[in-house]
Each structure stands twice: as structure tokens, then as C-alpha cells.
Student: 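Have a look at this one.
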Amino acid sequence: MATSRRRPESEAATHEGAAERQELFNRIAPVYDKLNDVFSLGMHRLWKRWSISWSGAKEGDKVLDVCCGSGDLSFLLSQKVGVNGKVIALDFSKEQLQVAASRQRERSKSNPCYKNIEWFQGDAVDLPFPDSTFDAATIGYGLRNVIDRKKALVQMHRVLKPGAKLSVLDFNKSTSQLISTIQDWALDHIVVPVASWYGLTSEYRYLKSSIKGYLTGAELEKLALEVGFSEAKHYEIAGGLMGNFVAKR
Ligand SMILES: C/C(=C\Cc1cc(O)c2ccccc2c1O)CCC[C@H](C)CCC[C@H](C)CCCC(C)C
Ligand SMILES: C[S@@+](CC[C@H](N)C(=O)[O-])C[C@H]1O[C@@H](n2cnc3c(N)ncnc32)[C@H](O)[C@@H]1O
């Protein structure tokens, strides 16, 4: 009997799902930064600063930003680790990485520290780095979008040094009916209608369904301990609309 080289059905579905998401993030890349500022009234910048603090990144460190997108967290990490440090930023969307690289070129004109960032196109579930490489890692609004989140956590655990921290910023999948009603209302009545002006209706509708399909803080803590992190704690921020999860290798 000839051996089939086709992927098993579930693996093929995962691959197709990931490719669809990659395309979605490619499509939103040109307006992504602007819409985040508009919809969060600029607050996402503050949440990202907090997430960097939670990562424990410091001067001279070698750090990883997974699902870096257009690079907001990578730029903050870059300032934190300074010219003696190194930021490795990874994403699977070519368009997002192009935006990130162009922002880096622009910012490096006034602050050479940003030259310490290196961009990689790659998959969060298959990180192309050796074990125990990084002093800290971040993933902002990324883990929710990864189909096999356990695999991504296993990978991030593997590439962190013992004692290093992972900081995961994202929407909070709240257990409070009030908070999830507010999230749903804002997404249905503000975010999706405005995104529609840019021809991005389905892309921003996806945002709501991805929050429903995400993990609660308690579920994130449980999963991180399962994959080998020694400590895991989820913090609600922005009145419970957002969350930051911290896990220590
Ligand atoms: C920076 C933010 C989200 C990034 C983001 C993440 C995704 O997974 C996406 C998927 C598909 C399309 C877009 C995104 C995406 O932009 C968080 C803030 C921006 C949000 C788009 C809007 C948040 C609305 C909140 C429910 C209410 C905000 C309250 C605020 C204090 C005014
Ligand atoms: C919502 S954006 C967040 C970007 C950035 N971290 C921020 O906070 O603005 C999510 C990013 O995750 C990336 N992404 C989603 N799944 C991924 C995967 N499996 N591997 C690599 N990148 C992924 C997308 O391409 C997108 O750029």
C-alpha cells in the first residue's frame, strides 16, 4: 500500500485555520495601529507598558516578542533592554512585519537603540530558537489568535531561561456577565461599524468570536502550570475588559 503524504484531517484543518488568520492580519495591517488608538482611546499604549513591566525585562537582556505584529511591544522592550540588549520579534504576517520594519527605520533616526530589534517571520507554535535562550518573553493580543495555544505555551516555556517570565496581554474573557456584556456591546455597536468603513467588517467580527473562544484567567493559569511553568497569575486590567497573564519558567 502506498503511504499517503497528506496531512491528517485535524492537522490540515489547523493549518487552513492558521492560514486564514494570517491573511486576516495581513489585510488589517495598514490600519491596525490607527484603529487600536481610536477604539481604545489610546489606552492600549498604557496596557502595553504594564505588560512589559510584568515581563521583568531589564537592561542588557535578550528578550522575545511573539506575535509582535506592527511591533508596539517590541519597541517598548527595545527601550527597556537598551543598546546592550537584544529583542527578537516574531510574527507570521508578512504585512505586519513590513509595517514594524518601516516604523523601526523611522524611529531609529531619532533613537539608535531601536536597532537592537530583529524581525522574524515564523509561527508561534514552532519557535526557531534554541532552548533556554531568553531572559523574558511577551505576547500581546497574540495567544488568543493562535489555534494551538498549548503548543505555543510549550514553545515559549522551552525558549525561556529557568526563572524567566512570560507576560501575556490580551482581552479578558471575563466570568462577569456585566463585563462581557460591555465588551460585546462595544464590539457590536462601535468597533465593527467603524471597521466597516474600512471594509474590515468580518475581520473585526472575528475579534468578538475570538474572545468567546479564548481562555478565562483561571484556565490560562491552569494551562501554564500544565505545560511546566512554575508560577502563573492572571491580572484583570481596564476594569476587567483586558487581562495580563504572567507565568514564570
Ligand atoms: C490593542 C487591542 C486590540 C488589538 C487587536 C487584537 C486582535 O486580536 C484583533 C483581531 C482582529 C481585528 C483586530 C484586532 C485587534 O485590533 C485592544 C484595543 C482595541 C480594540 C479593537 C477595541 C477594544 C474595545 C473594548 C471592548 C473597549 C475599550 C474600552 C476603552 C477603555 C475605551
Ligand atoms: C492582534 S495582533 C497583536 C500585535 C501586537 N502584539 C500588538 O500588541 O499590537 C496579533 C498578531 O499575532 C499574529 N499571529 C497570530 N497567530 C500567530 C502564529 N500562530 N504565529 C505567529 N504570529 C501569529 C498575527 O499575525 C498578528 O500580527
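Please read all numbers here as calculations on a predicted model, not as lab measurements. Each ligand, and each atom within it, is numbered from 1 in the order the structure gives.
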Student: Run the numbers for me: atoms of ligand 1, each under 4.0 Å from some heavy atom of L41, listed by number.
Tutor: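 Answer, ordered by atom number: 32 (C).
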
Student: Is a side-chain N or O of T133 found less than 3.5 angstrom from the main chain of F129, in a donor-acceptor match?
Tutor: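 Between the backbone of F129 and the side chain of T133 there is no qualifying donor-acceptor contact (under 3.5 Å).
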
Student: Any side-chain heavy atom of V125 within less than 4.5 Å of one from V154?
Tutor: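 V125 vs V154: side chains apart.
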
Student: N/O of N145 under 3.5 Å from N/O of ligand 1, yes or no?
Tutor: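 Such a contact does occur with ligand 1.
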
Student: Give the residue and atom name of whichever protein heavy atom lies nearest to atom 24 (C) of ligand 1, and the separation in Å to one decimal.
Tutor: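 The answer is V191 CG2, 4.2 Å.
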
Student: I'd like to know if the side chain of S51 reaches the main chain of W47, judged simply by a donor and an acceptor atom lying under 3.5 Å from each other, with no hydrogens or angles considered.
Tutor: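 Looks like no, no N/O pair under 3.5 Å.
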
Student: Of W47, Y214, Y141, Y204, which has the heavy atom at the shortest distance from atom 13 (C) of ligand 1?
Tutor: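 Among W47, Y214, Y141, Y204, the closest heavy atom to atom 13 (C) of ligand 1 comes from Y204.
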
Student: Could you tell me whether some N/O pair between N36 and ligand 1 is separated by less than 3.5 angstrom?
Tutor: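 In this structure, N36 places an N or O atom under 3.5 Å from an N or O of ligand 1.
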
Student: Considering R27, M242, M43, which one's heavy-atom position lies nearest to atom 25 (C) of ligand 1?
Tutor: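 When every heavy atom of R27, M242, M43 is considered, M242 comes closest to atom 25 (C) of ligand 1.
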
Student: Would you mind listing every salt bridge (Lys or Arg N to Asp or Glu O under 4.0 Å) that reaches into residues 81-99, with sequence neighbours excluded?
Tutor: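 Matches after skipping sequence neighbours: K86-E118.
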
Student: Just to confirm my output: which protein heavy-atom neighbour is closest to atom 9 (C) of ligand 1, and how far is it?
Tutor: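 Atom 9 (C) of ligand 1 sits closest to the protein heavy atom L207 CD1, 3.5 Å.
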
Student: Below 4.0 Å from any atom of ligand 2, which residues have a heavy atom? Give them in chain and number order, please.
Tutor: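 Heavy-atom contacts below 4.0 Å: F25, Y32, K48, C67, C68, G69, D91, F92, S93, Q96, G122, D123, A124, G140, Y141, N145, V146.
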
Student: Could you list which atoms of ligand 1 come closer than 4.0 Å to a heavy atom of E203?
Tutor: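 Ligand 1 atoms under the 4.0 Å threshold to E203: 11 (C), 12 (C).
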
Student: How far is atom 15 (C) of ligand 1 from its nearest protein heavy atom, and which residue and atom name does that atom have?
Tutor: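 Atom 15 (C) of ligand 1 sits closest to the protein heavy atom Y32 CE1, 3.6 Å.
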
Student: Do any pairs count as a salt bridge (Lys or Arg N to Asp or Glu O under 4.0 Å) and have a residue in residues 234-248, sequence neighbours left out, and if so which ones?
Tutor: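 Of all non-adjacent pairs touching residues 234-248, those that pass salt bridge (Lys or Arg N to Asp or Glu O under 4.0 Å) are E231-K248.
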
Student: List ligand 1 atoms under 4.0 Å from R144, heavy atoms only on the residue side.
Tutor: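 Atoms satisfying the 4.0 Å criterion: 6 (C), 7 (C), 8 (O).
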
Student: Taking distance alone, with N or O pairs closer than 3.5 Å, would you say S210 contacts ligand 1?
Tutor: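 No; every N/O pair is 3.5 Å or more apart.
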
Student: Taking the six-membered ring of F75, is the NZ or CZ of R107 close enough (under 6.0 Å from the centre) and on axis enough (within 45°)?
Tutor: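 Cation-pi check for R107 and F75: passes.
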
Student: Should you measure from each heavy atom of I28, which atoms of ligand 1 turn up under 4.0 Å away?
Tutor: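 Here the atoms of ligand 1 in question are 12 (C), 13 (C).
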
Student: Using only heavy-atom distances, determine whether the side chains of Y214 and N172 contain a donor-acceptor pair under 3.5 Å.
Tutor: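 Short answer, no.
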
Student: Would you kindly say whether T175 and T216 are connected by a side-chain donor-acceptor distance under 3.5 Å?
Tutor: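 No, because no side-chain N or O of T175 sits under 3.5 Å from a partner of the opposite role on T216.
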
Student: What residue pairs, at least two apart or across chains, pass salt bridge (Lys or Arg N to Asp or Glu O under 4.0 Å) with a residue in residues 20-31?
Tutor: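 Pairs touching residues 20-31 that pass the test: R27-E203.
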
Student: Please step through salt bridge (charged side-chain N to carboxylate O under 4.0 Å, His left out) for the pair R103 and D33, ending with a clear verdict.
Tutor: CA-CA 11 Å; R103 294 174 84 195; D33 291 325; 3.7 Å; yes

Student: Considering only the protein, which heavy-atom contact is closest to atom 26 (C) of ligand 1, and what is its distance?
Tutor: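 Ranked first by proximity to atom 26 (C) of ligand 1 is A186 CB, 3.9 Å.
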
Student: Using a strict cut-off of less than 4.0 Å between a Lys/Arg side-chain nitrogen and an Asp/Glu carboxylate oxygen, indicate whether D72 and R45 qualify as a salt bridge.
Tutor: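 Judged by the 4.0 Å cut-off on N to carboxylate O distance, D72 and R45 do not form a salt bridge.
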
Student: Indicate yes or no for a side-chain donor-acceptor contact from D188 to the backbone of W185 under 3.5 Å, with no hydrogens or angles considered.
Tutor: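 Absent.
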
